[in-house]
Amino acid sequence: MIILTHGWTGSSAFTALISRAGYWPGDSTVAKVDYDTFENTELVALNKQLMKDIGYQGDSERELISEALVSELANRADRIDLQPYQSFIHRLNQHQPWIWKDPRLTFTIRIWAQLLDLNQIAFIILTRDEEQSWITSNQRRHIQSRTFTRHYNQGVTETLKHFLHENEQPYLAFQFEDLQLKPEQTLEALNQFLDASLTMDDLKAVYSKPLYEKSKGFRDKLEALAIYLKNYRLRDGRQTS
């Protein structure tokens, strides 16, 4: 199972939830100050190395992403030694079923695809409501205009959909708000897609915030706006905002 996402989409909650259906997230996962990302620690390290190996020198969280960029980077894979990545896949397959989640996959999934049997993998594309995403990014001190947030998220999502269509891979698409606002229907869709039996108790075990409402309210919006205005000159993608 691979979750493909542009980040700050509640993908950690989705990954934690799916792991309760028996999908292995790794020997260890990357923990931030306030939450566990449920990103396989070794996968994240290898993705960072892979991006370095193919010569990516930008800021993946603060610059617009295009199909041309990710395709150009993927074409550089023939210049590098893929053996360490192949060895990781071999070890990983000893823990099937497993789950991956790392926003860097936007840049590396085309290379991993050379080493994986895609027909044995279920894919989810996860996005988020534009306003909720904008609020979260600014609260996390990634200063962005609404326009930049929309263009960034759409750019990432379109490259991921293009990858799946190009490889004729089916996928399930969610917004994070689906899990928050209509959890029963979302669990049902996940269970059908994964042949799993996740319940509301599983969801409540990994997601402690109130359900049937969005996580960011009016007060969060005001806070995000204040942060954005105070740091306006530092906003991401200033040429497009």
Side-chain angles (χ1 to χ4, degrees), residues 1-11 14-15 37 39-40 43-44 46-80 82 85-86 89 99-134 136-137 142-178 193 235-241:
M1 154 65 67
I2 297 178
I3 296 178
L4 297 171
T5 180
H6 52 69
W8 292 323
T9 54
S11 55
F14 264 85
T15 308
T37 67
E39 293 168 1
N40 184 309
L43 172 66
V44 170
L46 287 172
N47 273 334
K48 289 179 179 179
Q49 183 61 48
L50 189 50
M51 290 172 70
K52 181 179 179 181
D53 288 346
I54 60 179
Y56 179 70
Q57 298 179 333
D59 186 334
S60 61
E61 294 182 342
R62 299 178 184 273
E63 298 175 356
L64 295 180
I65 310 300
S66 67
E67 180 64 28
L69 172 61
V70 295
S71 295
E72 177 191 347
L73 293 172
N75 289 335
R76 300 177 187 176
D78 58 359
R79 309 176 192 175
I80 64 177
L82 292 177
Y85 308 100
Q86 182 67 70
I89 295 296
I99 184 167
W100 280 7
K101 188 273 289 189
D102 179 5
R104 297 171 190 83
L105 288 166
T106 298
F107 295 86
T108 64
I109 188 60
R110 290 161 178 77
I111 301 172
W112 286 113
Q114 301 177 32
L115 309 175
L116 294 163
D117 182 355
L118 297 183
N119 293 324
Q120 298 298 315
I121 298 172
F123 289 94
I124 288 176
I125 286 187
L126 186 60
T127 58
R128 191 171 190 180
D129 172 86
E130 180 186 317
E131 182 173 77
Q132 294 282 296
S133 185
W134 176 79
T136 300
S137 66
H142 280 236
I143 312 305
Q144 298 179 354
S145 68
R146 285 284 294 269
T147 299
F148 181 86
T149 297
R150 180 173 64 255
H151 288 168
Y152 178 88
N153 293 351
Q154 288 179 350
V156 170
T157 302
E158 288 307 310
T159 67
L160 295 173
K161 287 182 177 179
H162 185 270
F163 162 75
L164 293 174
H165 290 152
E166 188 176 51
N167 287 277
E168 300 181 339
Q169 294 300 310
Y171 63 89
L172 209 56
F174 290 112
Q175 281 194 335
F176 180 41
E177 289 70 31
D178 292 330
F193 188 60
R235 68 196 186 282
D236 295 340
R238 288 181 286 277
Q239 70 278 12
T240 61
S241 298

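For the numbers below, each heavy atom of this structure counts, side chains included, while hydrogens, waters and symmetry mates do not.
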Kindly indicate whether the side chain of [X], heavy atoms from C-beta on, has any atom under 4.5 Å from the side chain of [Y].
X: Thr106; Y: Thr159; value: yes
X: Asn40; Y: Asp102; value: no
X: Phe123; Y: Leu118; value: yes
X: His142; Y: Arg62; value: yes
X: Leu164; Y: Leu4; value: yes
X: Phe107; Y: Ser60; value: yes
X: Pro103; Y: Glu39; value: yes

Nearest-0.5 Å distance that lies between atom [atom1] in [X] and atom [atom2] in [Y]:
X: Ile111; Y: Met51; atom1: CD1; atom2: CE; answer: 10.0 Å
X: Leu116; Y: Gln86; atom1: CG; atom2: CD; answer: 8.5 Å
X: Leu43; Y: Ile99; atom1: CG; atom2: CD1; answer: 11.5 Å
X: Gln175; Y: Ser133; atom1: CD; atom2: OG; answer: 10.0 Å
X: Thr127; Y: Leu160; atom1: OG1; atom2: CG; answer: 10.5 Å
X: Thr37; Y: Lys101; atom1: OG1; atom2: NZ; answer: 4.5 Å

Check: Looking at residues at least two apart in the chain, or sitting in another chain, which of them share a side-chain hydrogen bond (donor to acceptor under 3.5 Å, both in side chains) with Thr157?
Finding: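 Partners of Thr157 by the side-chain hydrogen bond (donor to acceptor under 3.5 Å, both in side chains) criterion come out as none, since no residue qualifies.
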Check: Considering residues at least two apart in sequence or located in another chain, which fulfil the side-chain hydrogen bond (donor to acceptor under 3.5 Å, both in side chains) criterion with Tyr85?
Finding: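 Testing Tyr85 for side-chain hydrogen bond (donor to acceptor under 3.5 Å, both in side chains), a comparison that skips the adjacent residues, returns Asp53.
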Check: Run the side-chain contact (heavy atoms from CB on, under 4.5 Å) check on Leu50 and Ile80 step by step: do they pass?
Finding: CA-CA 9 Å; Leu50 189 50; Ile80 64 177; 3.4 Å; yes
Next item on the list: If a pair satisfies salt bridge (charged side-chain N to carboxylate O under 4.0 Å, His left out) and one of its residues is in residues 110-127, list it, with sequence neighbours excluded.
Entry: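 Qualifying pairs: Glu67-Arg110.
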Notebook entry, point to check: Using the ring of each side chain (for Trp, its six-membered ring), is Phe174 parallel, tilted or perpendicular to Phe14, with breaks at 30° and 60°?
Noted result: tilted
Notebook entry, point to check: According to the interplanar angle, ranging from 0 to 90°, do the rings of Trp100 and Trp112 count as parallel (below 30°), tilted (30 to 60°) or perpendicular (above 60°)?
Noted result: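 Perpendicular: the ring planes of Trp100 and Trp112 meet at over 60°.
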Margin query: Suppose we screen for salt bridge (charged side-chain N to carboxylate O under 4.0 Å, His left out). Which residues come up paired with Arg76, at least two apart in sequence or across chains?
Written below: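 Counting only residues at least two positions away or on another chain, Arg76 forms a salt bridge (charged side-chain N to carboxylate O under 4.0 Å, His left out) with Glu72.
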Note to self: I'd like to check the salt bridge (charged side-chain N to carboxylate O under 4.0 Å, His left out) partners of Arg146; sequence neighbours left out, ordered by chain and number.
What the structure shows: Glu130, Glu131
Check: Where do Lys48 and Arg104 land on the side-chain contact (heavy atoms from CB on, under 4.5 Å) test, with the steps shown first?
Finding: CA-CA 8 Å; Lys48 289 179 179 179; Arg104 297 171 190 83; 3.3 Å; yes
Notebook entry, point to check: What's the shortest heavy-atom distance between Tyr152 and His6, and which atoms?
Noted result: CE2-O, 3.9 Å
Next item on the list: Only pairs at least two apart or in different chains count here, so list each side-chain hydrogen bond (donor to acceptor under 3.5 Å, both in side chains) that has a residue in residues 163-173.
Entry: Asn119-Gln169
Margin query: If only side-chain N and O atoms count, and only distance matters, is there a donor-acceptor pair under 3.5 Å linking Thr136 with Arg128?
Written below: yes
Margin query: For the residue pair Thr9 / Thr5, report whether a side-chain donor-acceptor contact shorter than 3.5 Å exists.
Written below: yes
Margin query: Whether the side chain of Ser137 engages the backbone of Trp134 through a donor-acceptor N/O pair (distance < 3.5 Å, no angle test) should be reported.
Written below: yes
Margin query: Is it the case that the side chain of Glu177 and the backbone of Asp129 share a donor-acceptor pair, with hydrogens and angles ignored and the cut-off at 3.5 Å?
Written below: yes
